[in-house]
2 protein chains.
Amino acid sequence: MGAPKHSPAFDEARADDEADEGAVMTTRTSRALDHPAREEIRLEGVLHAFSDPMRLLIVRALAAEAEAAQSCSVFDLPVSKSTLTHHFRVLRENGVINQIYRGTAKMNSLRRDDLDALFPGLLDSVLTAYASQSARIGDGRDQAAEG
Amino acid sequence: MGAPKHSPAFDEARADDEADEGAVMTTRTSRALDHPAREEIRLEGVLHAFSDPMRLLIVRALAAEAEAAQSCSVFDLPVSKSTLTHHFRVLRENGVINQIYRGTAKMNSLRRDDLDALFPGLLDSVLTAYASQSARIGDGRDQAAEG
DNA sequence: CTGCTCATACGATAACCCTCGTACTACGAC
DNA sequence: GTCGTAGTACGAGGGTTATCGTATGAGCAG
């Protein structure tokens, strides 16, 4: 699989678009994260990102709160923080999510516009399919009682 | 990936043909291949099966000739026979395709009914997305000349 | 400044995947 | 029976992934 390797190149901080009228504006989102451009997103990469149960969980949670980005820590997943960081990175590098720093937190949101533009219906199909499957067999979180 | 591990005692299908117990034997395809039942098909597995370029090629070819199953050898893929067998197995074990023996040949067909029933729209989304992406950047087969 | 929290980086480990070549079996034709 | 064709099994290689623990850096509250 020719997944994109981790490139050490970092873009300059161009996160100064949010004009802050507040008094406190010491430092805001100085670190930048590199996301693939819309044209760079590959179907295989997106499908690979979707093919992990943990990441499917994340995507579903993100889709449920599409209007508001969420920090990495609001997810109640049975993995360590390191693993979570890994999964978020996979999702970001494959163009599935957008991550921006906001103070110490990092807010995540689905790149719905890009995915819908590139692969119409795909994200919805996957989300619907996942919901349907979770209803059938549970998703390993709180559906443990199926007998 | 935490999805289905490969058990060491998995490939028992060939010895389990049970043809002697009054089987009708209308055809000589005594070798049986184990496919997951519809309820056994997992979304992660299907997405994983789709997340490989070679398998995407196979799925597209199968979808193009949906009415007729095709043997493994009609695919003109730049991989060895062993690798092809591997990919077909992944597709079969994840519920994407159906394989039946027909003499020395093995006919492959998409499990469209099952996939559509379980995950409505997913297969079409993937096929459409793949066609669209192939038109954009080529898939290494027939879109090589874009200039 | 010190401490705290969020998240990353860095190894490290174990498992997995894609690819291959070679040897083998199953089926049909001669 | 012998041969050829279609596909598998086995075992290996090289690379990737998922998971973890621990150490580190960035930002905020005292």
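Nothing here was measured: the structure is a model prediction, and the numbers come from that model. A note on names: the letters A, B, ... follow the listed sequences, proteins ahead of strands, and every chain is numbered from 1.
Atoms CZ (Arg89(B)) and P (dC10(D)) sit 9 Å apart, rounded to a whole Å. What separates CG of Asn108(B) from C1' of dG7(D) is a distance of 11 Å, to the nearest Å. Spacing between atom NZ of Lys81(A) and atom C1' of dT24(D) amounts to 11 Å, rounded to whole angstrom units. The separation between Asp52(A) atom CG and dT17(D) atom C1' is 9 Å, rounded to whole Å. Here the P atom of nucleotide dC18(C) and the NE2 atom of His48(A) are 10 Å apart, to the nearest Å. The nearest whole Å value for the distance from the CZ atom in Arg102(B) to the C1' atom in dA26(C) is 16 Å. One interatomic measurement links the two molecules: CE of Met107(B) to P of dA6(D), which rounds to 12 Å at whole-angstrom precision. Atom OH of Tyr101(B) is separated from atom C1' of dA26(C) by 8 Å (rounded to the nearest Å).
Between Asn108(A) and Ile100(A) the shortest side-chain heavy-atom distance does not fall below 4.5 Å.
At distances below 3.5 Å, at least one donor-acceptor pair connects side-chain atoms of Gln133(A) with backbone N or O atoms of Leu43(B).
If you check distances only, the side chain of Ser82(A) never reaches the base of dA7(C) with a donor-acceptor pair under 3.5 Å.
Each of dA6(D), dC20(D), dT19(C) was ranked by its minimum atom distance to the side chain of Ser80(A); first place goes to dC20(D). You'll find that the side chain of Met54(A) is closest to dT19(D), out of dT19(D), dA18(D), dG7(D).
Remark: Phe88(B) engages Phe75(B) in a ring pair (Phe, Tyr, Trp, His ring centres under 6.0 Å) (not counting sequence neighbours). The side chain to side chain donor-acceptor pair (under 3.5 Å) search around Asn98(B) returns His35(B), not counting sequence neighbours.
Nucleic acid contact for His86(B): base, since at least one base atom lies under 4.0 Å from a heavy atom of the residue.
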Evaluation steps, side chain to side chain contact (heavy atoms under 4.5 Å, CB included), between Ile97(B) and Ile58(B) = CA-CA 10 Å; Ile97(B) 67 171; Ile58(B) 295 173; 5.7 Å; no

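Considering only side-chain N and O atoms, His87(A) lies nowhere under 4.0 angstrom from the phosphate OP1 or OP2 of dT17(D). Between Thr83(A) and dT19(D) there is no side-chain polar atom (N or O) within less than 4.0 angstrom of OP1 or OP2.
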